[in-house]
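Structure first, commentary second.
These values consider heavy atoms only, across backbone and side chains, with no hydrogens, waters or symmetry-generated copies.
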Amino acid sequence: MRARLARVDAVLVQALIAAALSFAHLHDVAVAAGQDGWKAWAYPVSVDLLLVAAWRRLRSGTTKTAAWCWFVVALTASLGANVATAGLLDLGNVPAWLRILVAGWPAVAFLGGTLLAHTAPETDAGAEVIEDQEDEPEPVPEPPAQPAIEAPPQPPPVPVPSALVAHARKVAAEHHARTGTPIDTPTLRARLGVPVPMAEAIAAHL
């Protein structure tokens, strides 16, 4: 734990030193370009804020093209001020192109910060595919097929003597001659005096 804190403290101190030096160099370039008073101090603040906004978008895990572009723009402004104040530029005689860059920087920083802070991040295509797959409902298993219901076994046919069949035909003929309609099974049963299964079997032979 102590070793980790020591590493964090060392990185933090290094970052503070680098930020302070870069902050001062940007202020000096702004003053040399004709921006005095509070305006000179606002320039390094805008550069650092653009760097932070671009770095946060890079750490968000989403599309990083715009974040890298604005990070490079802010880093170029910071490094340019450091190099310019290292003796390669006469701060007492600043060229016109540098004055134009310094004068136009607030608009550039405002545009970059607005796009980074208020543009909805785009998700990766792979994440969209995974979300679509998660939204799909799981297939419902089909219920097992019900076994076919077998029909109850039919009772064996009742044996009918041929003599009884012949007698039943005479009774049926007599009934038809008398009523003009075929004899039904209940009437046949009543005339013959046999049980219902026997009557039905006899009627099947008529």
Side-chain angles (χ1 to χ4, degrees), residues 1-5 7-8 11-12 15 46 48-76 107-206:
M1 186 66 180
R2 292 181 179 178
R4 184 177 180 181
L5 289 176
R7 289 196 300 269
V8 172
V11 173
L12 181 60
S46 66
D48 290 345
L49 288 179
L50 185 59
L51 278 172
V52 172
W55 178 250
R56 291 191 62 181
R57 177 59 66 89
L58 288 174
R59 296 291 301 274
S60 64
T62 56
T63 303
K64 301 176 180 179
T65 304
W68 273 116
C69 291
W70 290 108
F71 185 81
V72 170
V73 170
L75 186 62
T76 302
V108 174
F110 175 77
L111 175 62
T114 302
L115 293 177
L116 291 173
H118 298 286
T119 302
E122 301 177 1
T123 56
D124 296 334
E128 293 180 355
V129 172
I130 294 175
E131 291 179 358
D132 293 341
Q133 293 177 353
E134 292 179 351
D135 293 339
E136 293 180 357
E138 296 182 358
V140 179
E142 296 182 358
Q146 297 293 335
I149 300 176
E150 298 180 356
Q154 297 294 332
V158 178
V160 181
S162 57
L164 186 57
V165 173
H167 178 64
R169 284 178 179 154
K170 293 180 181 180
V171 173
E174 180 187 353
H175 178 81
H176 186 271
R178 181 167 48 85
T179 62
T181 58
I183 192 170
D184 55 2
T185 301
T187 303
L188 181 63
R189 172 181 173 275
R191 294 288 299 275
L192 297 178
V194 296
V196 175
M198 180 67 73
E200 292 176 349
I202 294 172
H205 286 81
L206 296 181

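In plain terms, the two heavy atoms of Leu50 and Gly112 that are nearest each other are CD1-C, 3.7 Å. Heavy atoms only, all atoms of each residue included: Ala67 and Ala54 are closest at O-CB, 3.6 Å. Of all heavy-atom pairs spanning Pro182 and His176, the tightest one is N-CD2, 3.7 Å.
Summarising the geometry, atom CD1 belonging to Ile183 is positioned 13.5 Å from atom CZ belonging to Arg169; distances are rounded to the nearest 0.5 Å. Annotation: the span from Leu75 atom CG to Trp55 atom CH2 amounts to 11.5 Å, rounded to 0.5 Å.
A search for side-chain contact (heavy atoms from CB on, under 4.5 Å) contacts involving Leu49 returns Val45, not counting sequence neighbours. For Thr76, the side-chain contact (heavy atoms from CB on, under 4.5 Å) partners two or more places apart in sequence, or in a different chain, are Val72. With sequence neighbours excluded, the residues that form a side-chain contact (heavy atoms from CB on, under 4.5 Å) with Val108 are Trp70, Val73, Trp105.
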